[in-house]
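What follows is a set of notes on a single structure, which appears directly below.
Scope of the values below: all heavy atoms of this structure, side chains included, with no hydrogens, waters or symmetry mates. Please read all numbers here as calculations on a predicted model, not as lab measurements. Below, chain A is the first sequence line, B the second, and so on; all start at residue 1.
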There are 2 protein chains.
Amino acid sequence: MSDSTFPEVRSLDLFADMSDENYAKLMRGAYLQTFPPHVDLIGEGEGADFLHVLVSGAVDLFSRWNNRETSVMIVKPVSTFILAATIRDARYLMSARTMEKSRIVMIPSQDVRAIFDLDAGFARAVVVELAACYRSVIKTTKNLKLRTALERLANYLLSRHRAYGAPASFDLDLEKRQLASVLGMTPENLSRAFKALQAYGVAVNGEKIEITNPALLQKFAKPTSLIDDDQT
Amino acid sequence: MSDSTFPEVRSLDLFADMSDENYAKLMRGAYLQTFPPHVDLIGEGEGADFLHVLVSGAVDLFSRWNNRETSVMIVKPVSTFILAATIRDARYLMSARTMEKSRIVMIPSQDVRAIFDLDAGFARAVVVELAACYRSVIKTTKNLKLRTALERLANYLLSRHRAYGAPASFDLDLEKRQLASVLGMTPENLSRAFKALQAYGVAVNGEKIEITNPALLQKFAKPTSLIDDDQT
DNA sequence: CGTTAAATTGACGAATCTCAATGCACGTGG
DNA sequence: CCACGTGCATTGAGATTCGTCAATTTAACG
């Protein structure tokens with residue numbers, strides 16, 4: 001299986017700039033694996049032996065402490081996860097599990113570090129990627145510390161709405177219990193938050209979300225690219 | 001002033017591995033500036049024109065939204081800040097202000113990016129540094145989402161206690177209002193949290209903290225290297 | 001000293017969680 | 001095709017955590 005070149009992986013920003021030779025070297029020890037839904041991939045605290053690239057499906061990165069659990073982020077294809085642990089040869093800070101049937105390319109961490117030293121294009125791409133990840137988590141922290149749960153939900157809905165191109169209605173791409181965990185609240189609290197947002201122009205019907213009064217919701221949510229946007 | 005070589009900066013992990021030539025090139029456009037206490041250095045949303053290196057003093061990285069403010073992290077010497085924005089040529093996500101009289105070396109961002117492409121040792125150091133920053137913020141997120149304010153304070157005290165070598169007593173290195181903001185709570189709430197921790201073997205007298213019953217406090221705080229430690 | 005800012009304290013209210021019960025959807029096996 | 005688990009979502013009641021406001025005390029510093 002290791003003679004495959006994983007075209008979806010090659011086209012990722014992270015691997016696009018490197019030489020064919022180094023890419024082949026990197027993939028020599030890599031293998032593609034398919035997992036059923038709800039399978040544990042990684043336990044926090046384990047050594048980061050592989051860089052993971054999610055080719056299809058969805059993965060939940062979560063963490064436990066003192067009998068509590070929270071979802072830190074959701075990974076969608078095509079992207080890598082736990083790059084930082086691989087670079088530092090450290091233990092994973094988060095556990096990972098598939099949410100759906102998922103195909104994942106696993107690249108030995110030592111190969112990633114070795115090629116990093118050989119290929120300047122790859123090194124540059126790793127830095128740019130890590131910087132983006134860092135900024136994304138900073139935004140998460142600001143979101144948690146500066147906003148109430150209701151405000152986080154309002155901004156999440158606006159963000160999805162915008163990402164989909166502001167359609168009349170759209171479906172949540174997460175189970176509500178998952179969404180609650182990502183937003184840092186309980187499912188019960190999320191349920192009540194949805195109700196509370198009716199007063200700000202949000203209509204909910206199962207998975208279907210309709211933003212009936214975008215101006216009103218924005219006035220409440222006060223979205224900002226310094227917390228909510230994905231890019232820059 | 002640009003003929004100085006800033007020896008404190010040179011010895012940083014970030015710059016230690018690069019060639020003398022490239023280091024000189026990087027510092028050609030850099031300059032050292034001294035700031036009084038409580039001076040605004042950076043406003044969030046501004047373009048990241050400079051990488052900052054704190055040589056002495058202390059800097060607060062904070063953020064505002066909707067008339068609220070929170071301290072995201074405190075920078076102590078000698079270390080850089082806002083490396084990620086520099087790398088991505090993006091806007092700062094956090095504001096910065098001096099807490100004390102501080103000396104700061106400012107390196108033009110474009111020079112950082114240019115040398116990054118020239119010097120593999122520097123590139124490697126940047127990646128390792130960014131990965132550490134990323135992991136640190138992930139820990140912050142876990143701390144916020146998995147723990148109550150009381151638990152965060154308990155673990156903060158244990159962490160400082162350990163960092164100082166478990167002395168009989170030690171001084172807080174932050175103003176209490178600053179600490180409250182870092183821990184994601186109000187000063188009033190922090191005050192009550194200190195009182196509540198008396199029941200778990202913590203004695204507070206102004207700045208002086210005494211952990212009279214480490215075992216009891218640990219039993220309550222349940223510290224873990226996956227959230228609390230600084231390294232790995 | 002006198003001025004200023006921080007820290008503390010009390011009273012109150014808002015935000016959030018917990019526990020328990022119920023409703024609802026989906027899939028499986030009879 | 002339908003009964004019945006199973007798990008998620010919702011709702012209610014109550015407790016806890018946490019924030020706000022105001023007053024007071026304490027500490028720092030010129």
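- Contact between B/Leu51 and B/Phe81 at its shortest, heavy atoms only, is CD1-O, 3.7 Å.
- In the interface, the side chain of B/Arg68 is not paired with the base of D/dG19 through any donor and acceptor atom under 3.5 Å apart.
- Counting to the nearest Å, the C1' atom of D/dC8 and the CG atom of A/Asn205 are 16 Å from each other.
- Distances were taken from every side-chain heavy atom of B/Thr148 (C-beta onward) to each of C/dT16, D/dC18, C/dG10; the shortest belongs to D/dC18.
- The interatomic distance linking B/Leu150 (CG) with D/dC18 (C1') rounds to 12 Å, in whole Å.
- Of all nucleotides listed (D/dG19, C/dC17, D/dT11), D/dT11 comes nearest to the side chain of A/Glu188.
- The side chain of A/Ser191 contributes no N or O atom lying less than 4.0 Å from OP1 or OP2 of D/dA9.
- Taking atom CZ of residue A/Arg177 and atom P of nucleotide C/dT18, one finds them 13 Å apart after rounding to whole Å.
- Residues B/Arg192 and B/Leu174 each lie close to DNA chain C; by heavy-atom proximity, the contact nearer the 5' end of the strand is made by B/Leu174.
- Distance, A/Leu179 CG to D/dC8 C1': 14 Å, rounded to whole Å.
- At whole-Å resolution of the value, NZ in B/Lys195 and C1' in D/dT25 are 12 Å apart.
- Test A/Lys145, A/Lys139, A/Arg147 against A/Asn143 for side chain to side chain donor-acceptor pair (under 3.5 Å) and you get one pass: A/Arg147.
- Separating the CD atom of A/Glu207 from the C1' atom of D/dA9 is a distance of 11 Å, rounded to the nearest angstrom.
- Side-chain contact of A/Ser71 with A/Asp60: a donor-acceptor pair under 3.5 Å is present, judged by distance alone.
- Here the side chain of A/Thr98 pairs a donor or acceptor atom with the backbone of A/His38 at under 3.5 angstrom.
- Atom pair B/Lys176:NZ and D/dT26:P shows a separation of 13 Å (rounding to whole Å applied).
- Atom NZ in B/Lys145 sits about 15 Å away from atom C1' in C/dT16, given to the nearest Å.
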